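Let me begin by presenting the structure, written as structure tokens, before commenting on it.
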Amino acid sequence: MRPVRVQVITYAPTAFYHCQHCELTFSEMGLGERVHQEQARDALPEDLRHEYELVSGWVHELATRFGRKVRVRLVDAASIEGFWKSLRHGVRRYPAVIVEGERKHVADDLEAAGQVIERFITAPHN
């Protein structure tokens, strides 16, 4: 049985890494993880960060609930790929969930998207 393919288009924080020498130095000083956490925290405005945390929790819940039966791919809406996928699927609000390349659920409809995913998983043809 092939896993259900789910794409989530949303604004996602971007973490930047330094050169290997600086990363090693930060790590030895005990600052490595803290630097990356601060970068991720500051990468998005407060409202988008809150939205991303909700989406992240929903994705973790999917993974816990369905395991290998679902394959989730996160696409940053601000990336070239996110822009292209938004055009392709007619997405104008985020987060957007695309189930099996065709079923679209936008913004506050994550619960409905989860129900569609569950129907795909329990369908007899899988």
Side-chain angles (χ1 to χ4, degrees):
M1 178 169 91
R2 175 177 67 77
V4 175
R5 294 172 298 139
V6 177
Q7 293 182 40
V8 180
I9 306 170
T10 190
Y11 290 103
T14 303
F16 296 99
Y17 290 84
H18 304 278
C19 70
Q20 289 181 347
H21 179 264
C22 293
E23 288 291 331
L24 181 61
T25 302
F26 288 149
S27 178
E28 290 298 319
M29 293 172 56
L31 300 174
E33 190 61 33
R34 191 174 83 198
V35 168
H36 296 294
Q37 288 173 349
E38 287 175 9
Q39 287 176 338
R41 186 186 68 236
D42 296 338
L44 291 173
E46 183 67 32
D47 59 335
L48 294 180
R49 186 170 56 243
H50 177 69
E51 182 178 278
Y52 180 77
E53 289 170 359
L54 291 175
V55 170
S56 179
W58 180 76
V59 168
H60 284 290
E61 181 183 313
L62 282 179
T64 300
R65 189 169 168 200
F66 299 119
R68 293 180 177 214
K69 295 177 183 177
V70 65
R71 184 178 65 197
V72 179
R73 184 158 187 271
L74 184 71
V75 179
D76 186 358
S79 70
I80 293 172
E81 180 183 12
F83 175 75
W84 181 83
K85 287 183 183 291
S86 295
L87 285 177
R88 179 174 178 229
H89 295 288
V91 172
R92 294 187 179 137
R93 290 182 21 205
Y94 304 100
V97 180
I98 313 296
V99 181
E100 286 296 326
E102 59 189 55
R103 299 224 164 94
K104 176 178 68 175
H105 301 275
V106 180
D108 299 330
D109 209 9
L110 293 177
E111 185 177 321
Q115 292 170 356
V116 169
I117 293 165
E118 185 171 7
R119 281 196 300 272
F120 266 97
I121 289 172
T122 58
H125 64 280
N126 278 336

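Predicted, not measured: the structure shown is a model, and the values here were computed from it. The figures that follow rest on heavy atoms only: side chains count, while hydrogens, waters and symmetry mates do not.
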- Might you point out which heavy atoms bring H89 and G101 nearest each other, and give the distance in Å? CE1-O, 3.3 Å
- Query: Which of these passes side-chain contact (heavy atoms from CB on, under 4.5 Å) with R119: V116, I117, I121?
  - Reply: V116
- Query: What distance do S86 atom OG and Y94 atom OH have between them, rounded to the nearest 0.5 Å?
  - Reply: 2.5 Å
- Task: Mind listing the closest non-hydrogen atom pair of D76 and A12 along with its distance?
- Result: OD1-N, 3.3 Å
- Message: Within the structure provided, determine whether V70 and F120 are in side-chain contact (heavy-atom separation under 4.5 Å).
- Response: no
- Compare all side-chain heavy atoms of V97 with those of W58 and state whether any distance is below 4.5 angstrom. yes
- Could you tell me whether the side chain of I98 reaches within less than 4.5 Å of the side chain of K85, counting heavy atoms only? no
- Query: How about V75 and V8: do any of their side-chain heavy atoms sit closer than 4.5 Å?
  - Reply: no
- Query: Out of curiosity, does L110 fall in the hydrophobic cluster containing V72 (side-chain heavy atoms, cut-off under 4.5 Å, transitive links)?
  - Reply: yes
- Message: A quick test of your reading: do over 12 heavy atoms of other residues, nucleotides or ligands sit less than 6.0 Å from CD of E102?
- Response: yes
- Query: Could you walk me through whether K69 and E118 pass the salt bridge (Lys or Arg N to Asp or Glu O under 4.0 Å) check?
  - Reply: CA-CA 10 Å; K69 295 177 183 177; E118 185 171 7; over 6 Å; no
- Task: Run the numbers on Y11 and Y52 for ring pair (Phe, Tyr, Trp, His ring centres under 6.0 Å), then give the verdict.
- Result: CA-CA 7 Å; Y11 290 103; Y52 180 77; over 10 Å; no
- Message: Between R73 and E81, does any NZ, NE, NH1 or NH2 come within less than 4.0 Å of an OD or OE carboxylate oxygen?
- Response: yes
- Task: Answer yes or no: are there more than 12 heavy-atom neighbours, outside L87 itself, under 6.0 Å from its atom CG?
- Result: yes
- Indicate yes or no: at least one non-hydrogen side-chain atom of P95 is less than 4.5 angstrom from one of I9. no
- Do the side chains of S56 and H60 get nearer than 4.5 Å, heavy atoms only? yes
